[in-house]
Amino acid sequence: MSGLSHPCTASFPVPHLTLGTLGHSGHGKTTLAAALAAHGPGAVPRRPQPGPEPGPATAIRPEGHPVARRQRFRCFRYTTDTRRYTVLDPAPHPAPHPEPGTGPHPGGGPAPRARAGASVARSALDGALLVVSVREGVRAGTAEQLALARRGGLAHLVVALTMADAGSDGLSERVERQVRALLAAHGLAAENLPAVRVSARRALDGDPRWTGSIEALQDAVDTYVPLPERAQRPRYPGTGVR
C-alpha cells in the first residue's frame, strides 16, 4: 500500500471556524469582514462592490448543519496559515409593522440592532469579533449585542477597534478602557482579551500600515479563539467511511 490515503478519508489540511461580528450600527462591521477576506494566503485585495442587500440565506457549519435558518447574513471567508474562517455579518432586518404599544420601545417593535445581535447569538459561533469605532466608543448597540451573545453562550471574543486612523492614540486608549469595562461587566476576562486597532477601509485601499493591522487581528483570532471540539462523524452514514 502506498502512503496516500483514500480520497474519501482525506481531511481538510486546516480546521474551519465560524466567527460572527458584533457591534453598534455604523461601526464598520461589514467593512472589517471584507478587509479580513481580502488579506491572507492567496487572497486578492479588493474593495467590496456596492449592490442590493443580501437576501435570506442559510449559513452552513462544517459538519453540514445549518447555523441559523431564515436569517440574513453576509458571508466572508479567509484563511491563515493554520485555519480557515467563515465570518457571518448579520444584515439589517427590514423593520416590521408591530401593533401600537408593542416591543421594547413605546409604539414600536424590537430595535433592528437587537434583532441582528439575536441572530448572531443563536448561530452557535466558535468566536466573534466585537467591533467598536474609535470615533464613537461604546454605544447602546455594543452593549445590547454583547449581552445577547453572552446569553447565547458565546465565550471567545476578540476586540477590533475600528476607524483607528481617525483618532489619536489617547482617544483609542480611552475607548479601549471603555470596552474592557463593558467586557468585565459581562463576566469576561477583560484584561486578557486582545484589542487590535484597525482601519479596515484604509487596509482595503492598500495602506501598508493598516493592512498590517488586519494581519495582526487575524493573528489575535488564531491565538485567542480555541479550536472547537467537534465529533467526527462518517461522511457516508452506515459505511464507516469518514
Side-chain angles (χ1 to χ4, degrees), residues 17-40 76 78 80 82-83 85 87-90 113 116-117 120-121 125-204 207-227:
L17 289 84
T18 303
L19 305 176
T21 59
L22 304 172
H24 191 78
S25 176
H27 280 204
K29 298 185 294 294
T30 303
T31 307
L32 177 64
L36 287 167
H39 294 86
F76 298 84
Y78 75 93
T80 64
T82 58
R83 298 178 176 185
Y85 291 95
V87 182
L88 301 182
D89 179 51
R113 62 172 176 260
V120 171
L125 302 173
D126 300 311
L129 298 166
L130 181 63
V131 181
V132 183
S133 167
V134 167
R135 293 177 181 174
E136 297 186 7
V138 172
R139 299 292 298 276
T142 316
E144 287 173 3
Q145 292 204 9
L146 179 59
L148 288 164
R150 290 290 288 157
R151 195 178 308 159
L154 188 66
H156 304 292
L157 292 168
V158 173
V159 178
L161 299 174
T162 55
M163 307 179 193
D165 60 312
S168 65
D169 288 342
L171 178 60
S172 297
E173 290 170 3
R174 186 158 60 249
V175 171
E176 182 176 338
R177 287 195 297 270
Q178 291 178 359
V179 175
R180 292 193 185 279
L182 177 65
L183 293 170
H186 285 278
L188 292 163
E191 293 304 317
N192 298 327
L193 291 177
V196 184
R197 302 173 191 178
V198 301
S199 174
R201 194 164 298 280
R202 294 286 293 275
L204 287 169
D207 186 313
R209 174 185 176 185
W210 298 109
T211 56
S213 73
I214 296 296
E215 292 167 1
L217 180 61
Q218 292 176 336
D219 289 343
V221 173
D222 275 356
T223 301
Y224 183 77
V225 178
L227 293 176

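What you see below is based on every heavy atom in this structure, not just the backbone, and it leaves out hydrogens, waters and symmetry mates. All figures in this text were calculated on a predicted structure; none of them were measured in a lab.
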Inset, instruction - Could you pull out the closest heavy-atom pair between Arg197 and Ala164, with the gap in Å? - result: CB-CB, 3.8 Å
Legend entry - Closest approach of Gln145 to Gly23 (non-hydrogen atoms, all atoms of both residues): OE1-N, 3.1 Å
Legend entry - Gln178 (side chain) donor-acceptor with Gly137 (main chain) under 3.5 angstrom: no
Inset, instruction - Go through the steps to decide whether Leu193 and Val179 satisfy the test side-chain contact (heavy atoms from CB on, under 4.5 Å), and finish with yes or no. - result: CA-CA 10 Å; Leu193 291 177; Val179 175; over 6 Å; no
Legend entry - Test log, rule side-chain contact (heavy atoms from CB on, under 4.5 Å), inputs Val158 and Leu19: CA-CA 10 Å; Val158 173; Leu19 305 176; over 6 Å; no
Inset, instruction - Heavy atoms only: give me the nearest Thr162-Val131 pair and the separation to one decimal. - result: CG2-CG1, 3.4 Å
Legend entry - Passing option when Thr21 is tested against Thr30, Leu88, Asp89 for side-chain contact (heavy atoms from CB on, under 4.5 Å): Asp89
Legend entry - Straight-line distance of Arg201 CZ to Asp207 CG, nearest 0.5 Å: 13.5 Å
Legend entry - Rounded distance [0.5 Å steps], CG in Leu17 versus OG1 in Thr80: 9.0 Å
Inset, instruction - Would you tell me whether His39 and Glu215 have side-chain atoms, one donor and one acceptor, within less than 3.5 Å of each other? - result: no
Legend entry - Distance (rounded to the nearest 0.5 Å) between Leu157 CG and Leu146 CG: 6.0 Å
Inset, instruction - Write down the atom of Ile214, the atom of Ala200, and the distance for their closest heavy-atom approach. - result: CD1-CA, 4.4 Å
Inset, instruction - Starting at OG of Ser133, measure out to NZ of Lys29 and round the result to the nearest 0.5 Å. - result: 10.5 Å
Legend entry - Interatomic distance, Leu182 atom CG to Arg139 atom CZ [nearest 0.5 angstrom]: 13.5 Å
Legend entry - Aromatic ring pairing Tyr224/His156, orientation class (parallel under 30°, perpendicular over 60°, tilted between): perpendicular
Legend entry - Value rounded to 0.5 Å, distance of NE2 in His186 from CZ in Arg150: 8.5 Å
Inset, instruction - Could you pull out the closest heavy-atom pair between Ala149 and Leu22, with the gap in Å? - result: CB-CD1, 3.7 Å
Inset, instruction - Please report the closest heavy-atom contact between Tyr78 and Leu36, naming both atoms and the distance. - result: CB-O, 3.3 Å
Legend entry - Greater than 12 external heavy atoms within 6.0 Å of Arg180's CZ: yes
Inset, instruction - Please report the C-alpha distance between Phe76 and Leu32 in whole Å, then the side-chain angles of each, then the deciding distance to 0.1 Å, and finally whether the side-chain contact (heavy atoms from CB on, under 4.5 Å) criterion is met. - result: CA-CA 10 Å; Phe76 298 84; Leu32 177 64; over 6 Å; no
Inset, instruction - Output yes when a side-chain donor or acceptor of Arg202 lies under 3.5 Å from a complementary backbone atom of Trp210, and no otherwise. - result: no
Legend entry - Minimum side-chain heavy-atom gap Arg83-Val225 below 4.5 Å: yes
